[in-house]
Each structure stands twice: as structure tokens, then as C-alpha cells.
2 protein chains.
Amino acid sequence: MPIKKKSKSEAKGNSNAHSPCAEEIRAAGLKLTPVRVKVLELLKQEHCLLTIDEIVKRLSLSEGKTKVDWTTVYRTLLTFTDAGLVTHTTLVDGALRYEYQHASHEDHHHHHHVSCKKCGMIESIDACEIEKIQKQVEKMGFRELSHRLEFTGVCPKCS
Amino acid sequence: MPIKKKSKSEAKGNSNAHSPCAEEIRAAGLKLTPVRVKVLELLKQEHCLLTIDEIVKRLSLSEGKTKVDWTTVYRTLLTFTDAGLVTHTTLVDGALRYEYQHASHEDHHHHHHVSCKKCGMIESIDACEIEKIQKQVEKMGFRELSHRLEFTGVCPKCS
DNA sequence: ATTCGAAATGACAATGATTTGCATTCACTC
DNA sequence: GAGTGAATGCAAATCATTGTCATTTCGAAT
């Protein structure tokens with residue numbers, strides 16, 4: 001049965017271990033599993049923010065045989081968030097979106113987003129200084145721009 | 001039964017009609033009902049953003065006898081939104097919040113918000129120029145400030 | 001390579017939030 | 001004041017998210 005049977009460590013271990021994500025998952029102190037690799041790979045390759053819905057659907061579509069469970073994806077994302085591998089935010093549409101957190105920018109790196117009123121597409125903007133951003137966004141060809149700025153902090157009462 | 005009985009038009013019609021909100025509701029082409037008046041009054045007097053949960057609870061507490069139905073509040077807010085009387089946004093916490101839309105500033109008026117990481121309190125900021133806002137927020141006594149800026153517009157593809 | 005314990009997974013149930021359907025009540029016009 | 005269509009309240013349906021638990025899998029130690 002050499003053709004049919006591959007040991008599990010071969011069949012899955014290989015494909016997992018060869019992914020560039022594998023190292024990161026291990027480095028974060030997490031077990032290396034197929035689902036985790038797939039989720040992280042997806043978030044990494046997709047440069048924009050993804051909803052859970054989008055993640056589950058893309059993972060289900062990409063490989064016919066592997067159907068990923070919603071519960072598992074929820075938990076995986078929670079685990080990744082706790083481990084600092086991904087972050088999540090809520091944009092104006094109210095949907096919670098997950099995003100790969102590039103290790104190199106770990107600490108204070110934050111960026112902003114432009115979303116399209118019509119198609120809902122979301123792009124990220126690297127600059128942080130606000131005026132520059134506005135220009136940058138315009139150069140990207142966006143029209144009818146409006147913006148939303150939200151501060152978060154500790155109020156006087158809570159200080 | 002003069003004490004017990006008031007005709008409906010007296011009992012409700014009066015209190016409704018005398019509210020400063022009544023006129024606005026009529027002006028928007030909507031029927032004048034007790035629930036609508038109460039919801040709009042609440043949103044108007046509360047200067048900050050309210051979740052549906054908060055709206056229902058405050059209306060239920062304020063007047064013992066009148067219990068407002070969740071469904072009705074949902075529909076009332078939808079109606080108001082369609083009519084342009086209120087607007088809704090989602091802040092970082094992901095909760096959908098409703099806000100009275102001042103008629104006088106109708107068109108391009110927009111403002112920003114500061115929310116407290118700890119107590120969740122939300123205040124609105126009238127200025128729009130971003131640097132001024134940052135200063136203003138600091139003067140309000142907020143600490144550990146971080147901010148989020150989000151643009152919305154039409155992307156090149158959709159133009 | 002095999003075994004073992006702990007953790008991850010997937011199927012399903014449970015919860016919570018929001019929406020829908022429908023019968024009743026109410027606001028507004030005549 | 002009566003009639004009509006819309007608004008309301010209740011119950012049931014739907015959708016998203018979380019919890020439970022038996023089974024499977026990972027990774028360390030043999």
C-alpha cells in the first residue's frame with residue numbers, strides 16, 4: 001500500500017511544516033495544526049481585513065475535501081488574537097474584521113483604512129500622519145471621501 | 001369618572017403634541033405616536049450615542065407603566081434613520097449606536113467621538129480639523145490616547 | 001516508530017441579538 | 001365619530017456567537 005497510504009506525519013506534517021506560517025505559529029507557542037496554518041496563510045496573503053464569514057467561505061472553497069468548521073475558526077481567531085498573531089477591528093459597517101499582524105512592526109505600528117462605499121473593498125494605509133494620509137488616499141484615486149476619526153483613551157473620571 | 005378617565009386624545013395627544021419633537025416627526029412625514037416621541041426625545045436630550053439596549057432600558061425605567069417593546073424600538077429607529085432624523089454608526093466596540101441628527105446642521109455636519117477605554121463613556125467633539133481635535137481631546141483630560149481614522153469613499157474601480 | 005497526555009477539532013446544543021408574521025390597537029382623514 | 005392604513009406588541013423564526021463533549025490529532029517522551 002505504498003501508493004495509497006502515507007503516514008499522517010508525512011501527509012500533513014510536511015505540508016504544514018513547509019508553510020512559512022508554520023514557524024510563526026510555533027514561535028507563538030501554539031500547536032501546529034492544518035486549520036491554523038490555513039487561517040494564518042489566508043490572512044497573510046489577503047492584505048485586507050477579512051470577516052469570519054469570508055474566512056470560512058474562502059477556506060471551504062479553496063479545498064473541496066477540507067471543510068472548516070465555524071466554531072473552529074472562531075476559536076482559532078481568538079487564539080491568534082491572544083497570541084498577537086492577528087488583530088481585529090470594527091469598521092463603519094459594523095463587521096468585526098481580522099487582520100494579520102506583521103511581526104516586524106509589532107509594537108506601535110498602526111495604520112488606517114479606506115473602504116469603498118460601493119463595493120466594500122478595504123485597503124490599508126501605512127502612513128499615520130493624518131494630513132499625509134488624506135493626500136495619499138486621494139492619490140489612490142478615491143472620490144467622495146469622507147472620514148471618521150475615533151479616539152480611545154482613559155477619561156478624566158477613570159484616570 | 002372624571003379623575004380616572006381622560007380621553008385618549010387628551011391623554012396622549014396632548015403630551016405628544018406639546019413635545020418639541022412632535023413637530024419634527026410630523027415634518028418628516030411620519031405618524032405621531034407615543035413611542036416615537038419618547039425615542040426621539042431621549043436621543044435628543046442624550047447628547048451622546050446610544051445603543052438599542054440603552055434606549056430600551058431607559059425608556060422602560062423612565063415610566064413604570066409604559067413598557068416599550070424591543071421590536072418597536074428596532075423599527076422606530078429604522079424608520080427614523082430612513083427619514084433622516086437619526087444616524088447610526090459603529091464605534092470600536094462594535095456596537096451599533098444611534099444619534100439624533102440635528103436638523104440645523106443637516107448636510108455636511110460631522111463630528112468625532114472620544115470613548116473611554118474603561119467606562120465606555122462616549123463624548124462627541126464638534127471640531128472637525130484633526131489637529132485641533134487632538135488638542136481638544138487632551139484638554140478634556142483624556143489620557144493614553146490612541147486614535148482611529150477611517151476614510152470612506154468611492155474607489156477608482158467604482159468611479 | 002509507538003505510545004501517551006493534553007490540546008484542538010467538529011458536530012451539535014444553547015444562548016443572545018435581530019428580524020419577520022400576524023392580530024390588535026391607534027393615529028389621522030373625512 | 002367612523003373608517004383605513006399604519007404602528008404596535010407578542011410570538012415565532014432567523015442569524016451570529018458561544019458552550020459542551022466525544023473524538024481526533026499534535027508533539028514530547030519513550
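Chain A is the first sequence line, chain B the second, and so forth, proteins listed ahead of strands; every chain is numbered from 1.
Once rounded to the nearest 0.5 Å, the distance linking CG of B:Leu49 with OG1 of B:Thr87 reads 7.5 Å. Atom CG of A:Leu30 sits about 6.5 Å away from atom CG of A:Leu85, to the nearest 0.5 Å.
Straight-line distance from the CD1 atom of A:Ile55 to the P atom of D:dT17: 11 Å, rounded to whole Å. For A:Trp70 and C:dA14, the CH2 to C1' distance is 18 Å, given to the nearest whole Å. In this structure, the CG atom of A:Leu30 is 10 Å from the P atom of D:dG27, given to the nearest Å. Rounded to a whole Å, the CG atom of B:Asp93 is 14 Å from the P atom of C:dA17. For B:Arg36 and C:dC26, the CZ to P distance is 15 Å, given to the nearest whole Å. Summarising the geometry, the separation between CG on A:Asp69 and P on D:dT25 is reported as 15 Å, rounded to the nearest angstrom. In this structure, the CG atom of B:Leu32 is 5 Å from the P atom of C:dC28, given to the nearest Å. One atom, NE2 of A:His88, and another, P of D:dT17, lie 12 Å apart when rounded to the nearest Å.
With contacts defined as side-chain heavy-atom distances shorter than 4.5 Å, the pair B:Thr72/B:Trp70 does not qualify.
Between the side chains of A:Thr71 and A:Asp69, a donor-acceptor pair is found at a separation under 3.5 Å.
Classified by interplanar angle (parallel below 30°, tilted 30° to 60°, perpendicular above 60°), the ring pair B:His88/B:Tyr98 is tilted.
Under 4.0 angstrom from either OP1 or OP2 of C:dT19 there lies no side-chain N or O belonging to B:Tyr74. Contact annotation: A:Arg26 side-chain N/O to D:dG27 OP1/OP2 distance is under 4.0 Å. Taking side-chain N and O atoms only, B:Thr33 has a distance below 4.0 Å to OP1 or OP2 of D:dT8.
Mapped onto DNA chain C by nearest heavy atom, A:Thr72 and B:Leu96 fall at different nucleotides, with A:Thr72 at the one closer to the 5' end. Both B:Ile52 and A:Val73 lie near DNA chain C, and the one whose nearest nucleotide falls closer to the 5' end is A:Val73.
For the salt bridge (charged side-chain N to carboxylate O under 4.0 Å, His left out) test, no residue two or more places apart in sequence or in another chain qualifies with A:Glu54.
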Sugar-phosphate or base contact per nucleotide [nucleotides 1-6 of chain C; S, B, -; heavy atom under 4.0 Å]: -----B
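Between B:Arg143 and B:Glu138 there is no salt bridge, since no side-chain nitrogen of the basic residue lies less than 4.0 Å from a carboxylate oxygen of the acidic one.
For residues 75-86 of chain A, proximity to DNA chain C is found at A:Arg75, A:Thr76, defined as any non-hydrogen atom under 4.0 angstrom from a strand atom.
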